[in-house]
Every structure is written in C-alpha cells, then in structure tokens.
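Just so it is clear: chains get the letters A, B, ... in the order the sequence lines come, proteins before strands, and each one is counted from 1. All values reported here derive from a predicted model rather than from experimental measurement.
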Amino acid sequence: MRNRIAPLLESALIKAHAAQELTTYPLPAIIIGHPDNPEHGDFSCNIAMQLAKGERKAPRQIAEIIIKYLDDDNGLIAKSDIAGPGFINLFVSRSAWQETLLKIESERDRYGHTISGAGKKVQVEFVSANPTGPLHIGHGRGAAIGDTLCRVLDAAGWDVTREFYYNDAGVQISNLALSVQLRCMGIEPDDPRWPEGGYQGEYIKDVAKAYLARETVEATDQHTTACGDPENIEDIRHFAVAWLRREQDLDLEAFDVKFDVYTLESALYSEGRVEAVVQKLIANGHAYEQDNALWLRSTAFGDDKDRVMRKADGSYTYFVPDVAYHQDKWERGFTRVINEQGSDHHSTVTRVRVGLQALDIGIPQGWPEYVLHQMVTVMRGGEEVKISKRAGSYVTLRDLIDEVGRDATRFFFLMRKPDAQLVFDIDLAKQQTNENPVYYVQYAHARICSIFDNAAEKGFIAPEKPALADLACLSTPDDLQMIKLLTELPDTVDDCAVHFEPHRLTYYLSELASCFHSFYNKNRVISEDKALTEARLYLLKRTAQTLKNALSILGISAPERM
RNA sequence: GCGCUUGUAGCUCAGCUGGAUAGAGCAACGGACUACGAAUCCGUAGGUCGGGCGUUCGAAUCGCUCCAGGCGCACCA
C-alpha cells in the first residue's frame with residue numbers, strides 16, 4: 001500500500017511544480033510514514049515541512065497546495081488532512097483495504113514477494129567454517145542470518161547464489177591432521193607430546209577411529225576412503241577434512257540450510273589464482289620485500305598498517321587467498337556480494353577491500369558488503385555456558401537443534417538484529433508456553449486452521465474469488481486493523497532486504513499473531529450471519545497465508561496442529 | 001592506545017534509516033473459558049532513551065565529547 005501512496009504524492013508535487021506553485025528543485029524524495037496514532041490516518045507525509053524553508057512558506061500552506069493537486073483516480077484515499085505543524089495525513093478507503101485481500105488470494109504462496117531486486121544477481125557467502133570441528137552456536141547464528149538473508153533477498157526479487165568457502169589447507173588443517181594422527185597412535189591431549197595448537201575435542205578420537213577402520217566418507221566436494229595407515233599424514237589430512245565436512249553437511253541439512261557453491265581454498269592455489277594475485281600486486285607496484293617477507297603497502301589504501309603477504313617461510317598469509325577468492329567472485333559477474341561473518345573477523349573487511357583496490361581491476365571501494373553478527377552467549381539453568389574452543393567444549397549447532405528443535409533455534413537466532421549481542425536461553429527456547437515467541441506465532445496459524453475445521457463442520461467455507469461487495473462487511477476497526485497489517489508483509493520483506501536485518505520479520509510475525517489472537521478473543525468468526533462469517537473466514541484464510549509465507553521466509557514451519 | 005559495535009521500563013529487546021503522547025514480551029498486581037484451541041485475551045503499574053554539548057521547525061534516531069559492556073588490533077584463520 002505504501003508503494004501505491006507515494007506515487008500519488010509524487011505526481012501532486014510535480015503538478016504543483018509545473019503550475020509554479022512550488023519552486024524547489026530538485027524535489028526531495030517522498031517519505032511515507034505510518035503514524036502511531038490512528039487519528040493521524042493510515043499514512044503520513046512530512047514533505048511540506050521539508051519544503052518550508054526553500055519555499056519560504058508556512059508548511060501548512062504548502063500542504064494545502066499539495067493536497068489541491070492530489071489526483072486519486074482509483075479512489076484510494078478517503079480523506080486527507082493537514083495536521084500539527086504541517087503533516088499531510090492520508091486515510092485509505094475501506095474498499096481499497098478490503099481489495100488487498102483479493103491480491104493476497106491471487107498471489108498465494110508468492111504473497112510477500114516483491115520485484116525490488118529486479119532479478120539482479122547477488123551472491124551471499126555465509127557460515128564458511130573451516131572443517132576442523134563441528135559447527136558451534138556462533139556458526140549457527142551465522143547460518144540462520146545468512147540463510148534467511150538469502151531467502152529474504154530471493155523474496156525481494158534478487159537472483160541469489162549461496163556460497164560456502166572453506167579452508168582445506170594451511171596451518172589449521174595441518175594441526176587437525178596432526179591431532180588425528182596422534183589420536184591414532186593413542187596419544188591424548190594431556191600427554192606431554194601433545195602439541196600447542198592441537199585440537200582436543202572428543203570428535204578427533206572419532207575421526208581417528210574411523211580412519212583406522214578404513215571407512216569411506218562421502219561429503220560435499222569430498223570423497224575419500226581411509227588407507228588406515230597412521231604414518232600417512234597426507235591421507236589422514238584428506239580423510240579428516242572429508243569427515244568433518246560431512247559432519248557440517250549433516251548439521252546444515254538438519255538446519256535446512258543449503259548452498260549452491262562450495263569454494264575450496266586449495267583450489268585457489270592449484271589454479272594459480274593466489275600466485276596471480278601476488279604477481280599482479282607486485283606489478284602494480286604495491287608490494288615490497290622486508291625482513292625476508294613480502295609486504296603489501298596497504299596503508300596506501302587506508303589500512304592502518306602494511307600487511308604481510310608471503311611469510312619468511314615462503315607460505316602466504318590467509319589474506320592473499322581471500323583476495324584471490326574475491327577477485328574470482330568479481331570475475332564471476334557478481335557486482336553485488338554480501339559476506340556474512342562473525343564480528344570477530346571484522347578486521348578482514350578492510351584488508352580484503354584494500355587488496356581488491358590494489359589489484360586495480362575496477363572493483364568499487366565498498367565491495368563486497370558485509371553483515372557482521374555479534375557474539376552469542378548461551379544460558380542454561382540461569383547460568384552462562386562457558387565456551388572453550390581450545391579444549392573442544394562448546395555448544396554445537398547439532399546439540400541445539402536436537403534439544404530445542406529447528407524452528408525455535410532459527411527463530412531465536414533471528415530475533416535480534418545481527419549487530420547486537422545475543423543471549424540464547426536454552427530453557428526459554430525449549431518451553432512450549434506463552435513465553436516462547438515461536439510457539440506464539442505458530443499457535444496463531446494452528447488456531448486459524450482449527451477454525452476452518454470447525455466452520456466446515458457447520459457448513460461454512462471461505463469463498464473463492466468473492467466480489468469486493470462481499471467483503472464490505474469487514475468494516476469494524478478490528479477487521480480493518482487485521483487487513484492493514486496483512487498488507488505490510490511486502491514492505492517488511494523489502495526493509496529486511498535493504499537493511500540486511502531479518503529480525504524485522506520476526507517482529508512483524510509477533511505483531512501479526514498478536515493482532516489475530518486479540519481479534520479472535522473479541523470477535524466471533526463463525527456466527528448466524530452467513531455473509532459476515534464467510535467474509536471473516538476469507539480474511540482468516542489470507543491471515544494464515546500471510547503467517548505461513550512470512551514463516552517460510554524465515555525457514556520456519558507453519559503447523560496446522562500443535 | 002586505535003578500530004568496529006552496543007547502551008531505551010526491574011529483566012530481554014523493538015522503535016520502520018529526523019516526526020506528532022517512546023512501544024512489546026517476561027516478571028508484579030487485578031480480571032476473562034457451560035459457543036470457533038486459555039500455548040490465548042483484557043486491564044493496572046513501571047522511563048532523565050548511559051551523561052553532557054551541539055545541528056533545526058522537530059533528536060532515542062544525526063555530529064562532537066565523556067562513561068560503561070562486547071569483539072578485534074599476528075609473518076593464525
């Protein structure tokens with residue numbers, strides 16, 4: 001609805017300008033707000049106040065001019081007021097509201113989807129956990145936010161590619177292989193021979209056991225059969241990576257998160273991309289040798305210090321393949337790339353961008369974009385669960401899904417905006433009570449479904465494609481409030497996509513569920529009045545559809561019974 | 001010390017990118033099921049939007065500054 005109101009005001013401004021009653025040029029963008037107070041109308045606009053200074057006229061006077069040129073051919077506007085210092089308040093007609101229900105019916109599962117993205121390509125990289133252990137709760141938040149962001153962007157009309165990048169080489173993986181090898185030999189973390197950076201988790205023992213048993217592992221991008229020789233560190237490395245890759249696959253599958261593309265760091269090396277980046281940076285004159293290392297003069301691009309590219313031992317720092325990887329993304333034609341990461345990695349943002357600038361291949365300065373989520377703390381039994389990755393003790397994503405369920409886990413991760421810290425209260429998430437917002441929302445859906453069952457027994461069904469006149473009885477403030485809220489889903493989806501903030505949808509859902517529960521307690525749906533009963537069943541059908549669609553964008557189910 | 005981020009009701013958090021009287025949930029108190037699911041609803045109470053200064057018609061929102069929490073600041077990723 002917001003998108004239908006704005007053009008009306010826009011054309012009024014243009015007409016007023018053409019008639020020389022307004023002189024400001026260029027005209028500022030129209031911002032439509034929805035007032036908190038219903039007396040202030042369905043929508044309000046502050047344009048008159050913004051123009052006041054340039055026009056040298058009182059805002060209320062300007063508002064009058066704009067309203068004079070307001071052409072409402074479709075009968076959208078029932079009333080327009082000038083209020084307060086100069087707000088233009090617009091009241092949408094009842095029939096225009098009622099008509100929106102027909103739109104929801106015709107769009108069905110697509111309702112809430114928009115065309116804002118115009119089918120343009122966007123790539124979202126998220127999770128990107130290294131295969132050195134199971135996914136923990138922090139990865140879970142990244143998975144929930146990243147995946148939902150993809151669903152939101154898809155709903156907003158973008159062509160989304162989901163990508164997972166992982167490091168299957170390098171120091172961390174060597175530590176992994178070594179840890180498994182030691183476990184194969186029966187050496188435990190408390191043994192003096194256990195190395196500093198070794199992975200101590202119990203899962204390493206499982207990997208070792210599987211390796212010695214010569215198991216076969218099938219995972220995304222990884223297929224291998226162990227030779228079982230504890231001396232063969234190369235084979236152990238392959239096997240361990242594949243084994244943990246499979247663990248992560250299973251976790252993600254349980255979380256209903258899928259990826260289109262997996263990129264391996266090792267491939268960037270084997271395809272010569274890493275070397276090519278170094279050569280290009282040298283050729284561009286941005287590199288220098290010092291202390292047996294090769295440095296990038298990143299300070300020339302706004303970094304606070306220069307960065308090592310090639311270490312004294314001849315290997316590259318992680319940041320070089322990162323740049324090579326993003327160059328690859330760029331060359332694949334993604335003019336829009338979003339990286340979802342934990343905020344503990346935020347120092348990479350500058351470095352990757354700086355490296356790409358130094359390549360001088362026409363990549364814009366703010367590319368790629370980043371969504372950084374803050375840390376998660378876990379509460380259980382009223383106490384914080386301490387996490388020690390080093391000792392291998394932490395809450396895994398799998399634990400959470402098993403314990404509180406996929407729907408609740410996703411919803412809890414999505415309730416907060418990414419850049420706020422999140423407290424995950426496991427006891428609360430498990431509760432099947434009114435304190436738990438997931439159940440509150442899902443219950444609204446289930447409750448509506450049960451009304452339909454009840455209505456069917458009494459011989460009532462929601463009409464298909466009713467005439468607008470049949471909906472005219474949906475005219476109480478409660479009916480209209482429901483309808484108005486239903487119309488906000490597409491705007492909310494767009495807002496989520498623009499701001500990278502999926503949490504707006506969780507709040508929308510809570511509000512919609514609340515509106516319905518309240519409506520239900522106050523109004524009879526099934527009554528003697530056949531016309532009203534059918535109209536309300538029709539309204540609830542659209543409400544259930546809207547709840548279901550919004551939940552679906554969050555990757556959460558809409559149960560018909562609970 | 002530098003960078004990013006957060007600070008709103010007793011607690012957990014919204015506040016739609018500057019608008020009209022700052023909102024929810026939980027906790028507290030008081031109410032509503034012999035008709036559609038009480039996993040629900042209605043009401044009461046609860047605030048110096050961390051402090052200060054500034055920008056303007058107008059600030060929780062923007063700027064500066066101070067205070068406090070979190071995360072970074074490697075020839076780890």
A:Asp328/A:Arg273 salt bridge by N-O under 4.0 Å criterion: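 A salt bridge is present here (some side-chain N lies under 4.0 Å from a carboxylate O).
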field: Ionic contact status for A:Arg504 with A:Glu511, cut-off 4.0 Å
entry: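 No, no charged N to carboxylate O under 4.0 Å.
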message: Can you measure A:Asp419 atom CG to B:rC71 atom P for me and round it to whole angstrom units?
response: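 Interatomic distance, CG of A:Asp419 to P of B:rC71: 16 Å.
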- prompt: CG of A:Leu296 versus C1' of B:rA74: gap in Å, rounded?
  reply: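 Rounded to whole Å, this separation is 16 Å.
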Which part of the nucleic acid, if any, lies within reach of [X] when heavy atoms closer than 4.0 Å are counted: base, sugar-phosphate only, or nothing?
| X | value |
| --- | --- |
| A:Ser450 | base |
| A:His34 | base |
| A:Asp425 | nothing |
| A:Met562 | base |
| A:Lys522 | nothing |
| A:His40 | base |
| A:Arg504 | sugar-phosphate |
| A:Asp306 | nothing |
| A:Ala446 | base |
| A:Arg561 | base |
| A:Asn521 | base |
| A:Asp303 | nothing |
| A:Ile526 | base |
| A:Asn167 | sugar-phosphate |

- request: Would you mind telling me which residue lines up with the more 5' stretch of RNA chain B, A:Leu422 or A:His517, judged by nearest nucleotide?
  value: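 Between the two, 5'-proximity favours A:Leu422.
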task: Between A:Val308 and A:Ile448, just flag the one whose closest nucleotide in RNA chain B comes earlier from the 5' side.
output: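 It is A:Ile448, whose closest nucleotide lies nearer the 5' terminus.
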In whole angstrom, give me the gap between the [atom1] atoms of [N] and [M].
| N | M | atom1 | value |
| --- | --- | --- | --- |
| B:rC62 | B:rG25 | P | 27 Å |
| B:rG31 | B:rU12 | C1' | 26 Å |
| B:rC49 | B:rG23 | C1' | 12 Å |
| B:rG50 | B:rU6 | C1' | 11 Å |
| B:rC33 | B:rC41 | C1' | 11 Å |
| B:rC71 | B:rC16 | P | 28 Å |
| B:rG47 | B:rA22 | P | 13 Å |
| B:rA24 | B:rA9 | P | 15 Å |

Does [X] put a side-chain nitrogen or oxygen below 4.0 Å from OP1 or OP2 of [N]?
| X | N | value |
| --- | --- | --- |
| A:Arg447 | B:rA38 | yes |
| A:Lys311 | B:rA74 | no |
| A:Lys417 | B:rC13 | no |
| A:Ser514 | B:rG25 | no |
| A:Tyr520 | B:rC42 | no |

Residue-level proximity of residues 480-499 of chain A to RNA chain B when a heavy atom falls under 4.0 Å: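 Output list: A:Asp495, A:His499.
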- request: Could you check which residues of residues 346-355 of chain A get a heavy atom under 4.0 Å from RNA chain B? Sort them by number, please.
  value: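 Nucleic-acid contacts, sorted: A:His346, A:Ser347.
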Under a 3.5 Å cut-off for both distances, is [N] Watson-Crick or wobble paired, and to whom?
| N | result |
| --- | --- |
| B:rU44 | B:rA28 |
| B:rC73 | B:rG1 |
| B:rA35 | none |
| B:rG18 | none |
| B:rA60 | none |

Any donor-acceptor N or O pair under 3.5 Å, side chains [X], [Y]:
| X | Y | value |
| --- | --- | --- |
| A:Arg447 | A:His517 | yes |
| A:Thr377 | A:Gln421 | no |
| A:Ser315 | A:Asp313 | yes |

Which of these nucleotides, [options], is closest to any side-chain atom of [X]?
| X | options | value |
| --- | --- | --- |
| A:Pro35 | B:rC41, B:rA20, B:rC76 | B:rA20 |
| A:His503 | B:rA14, B:rG19, B:rC75 | B:rA14 |
| A:Ser518 | B:rC42, B:rA14, B:rG19 | B:rC42 |
| A:Lys305 | B:rC36, B:rC73, B:rA20 | B:rC73 |
| A:Ala293 | B:rG37, B:rC75, B:rU5 | B:rC75 |
| A:Met49 | B:rG37, B:rG19, B:rA77 | B:rG19 |
| A:Ala83 | B:rA20, B:rA39, B:rC71 | B:rA20 |

task: Compare the aromatic ring of A:Phe87 with the six-membered base ring of B:rA20 and state whether they stack according to the 5.5 Å and 30° rule.
output: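 One would call A:Phe87 stacked on the B:rA20 base.
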- prompt: Ring of A:His345 versus six-membered ring of B:rG72: centres under 5.5 Å and planes under 30°?
  reply: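 Ring-base stacking flag not set for A:His345 and B:rG72.
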- request: Give a yes or no on whether a donor-acceptor pair under 3.5 Å exists between the nucleobase atoms of B:rA77, that is its base, and the side chain of A:Tyr318.
  value: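 When only heavy-atom distances are counted, A:Tyr318 does reach the base of B:rA77 through a donor-acceptor pair under 3.5 Å.
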Distance-only donor-acceptor test, A:Asp344 side-chain atoms vs B:rG72 base atoms, 3.5 Å: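 Under the 3.5 Å cut-off, the side chain and the base do not form any donor-acceptor pair.
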Over 60° means perpendicular and under 30° means parallel, so classify the ring planes of [Y] and [X], tilted if in between.
| X | Y | answer |
| --- | --- | --- |
| A:Phe412 | A:Phe424 | tilted |
| A:Phe516 | A:Tyr520 | tilted |
| A:Tyr325 | A:Tyr165 | parallel |

query: When you measure from the centre of the six-membered ring of A:Tyr370, is the NZ or CZ of A:Arg351 under 6.0 Å away and within 45° of the axis?
result: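 No cation-pi geometry.
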- request: Please say whether the positively charged group of A:Arg245, taken as NZ for Lys or CZ for Arg, lies over the ring of A:Tyr166, i.e. under 6.0 angstrom from the six-membered ring centre and within 45 degrees of the axis.
  value: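 Judged by the rule, A:Arg245 and A:Tyr166 form a cation-pi pair.
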- prompt: Partners of A:Arg353 by salt bridge (Lys or Arg N to Asp or Glu O under 4.0 Å), sequence neighbours excluded?
  reply: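 Expected list: none.
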message: For B:rC33, does the O4'-C1'-N9-C4 or O4'-C1'-N1-C2 angle fall within 90° of 0, making it syn, or is it anti?
response: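 Syn, angle within 90° of zero.
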query: Can you tell if the side chain of A:Val438 reaches within under 4.5 Å of the side chain of A:Arg410, non-hydrogen atoms only?
result: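 A:Val438 does not reach A:Arg410 side chain to side chain.
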task: Measure the shortest side-chain to side-chain distance between A:Arg416 and A:Arg141 over non-hydrogen atoms and say whether it is less than 4.5 angstrom.
output: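 Answer yes - side chains close enough.
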message: Would you say the rings of A:His373 and A:Phe413 are close, in the sense that their centroids are separated by under 6.0 Å?
response: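 Not under 6.0 Å, so no.
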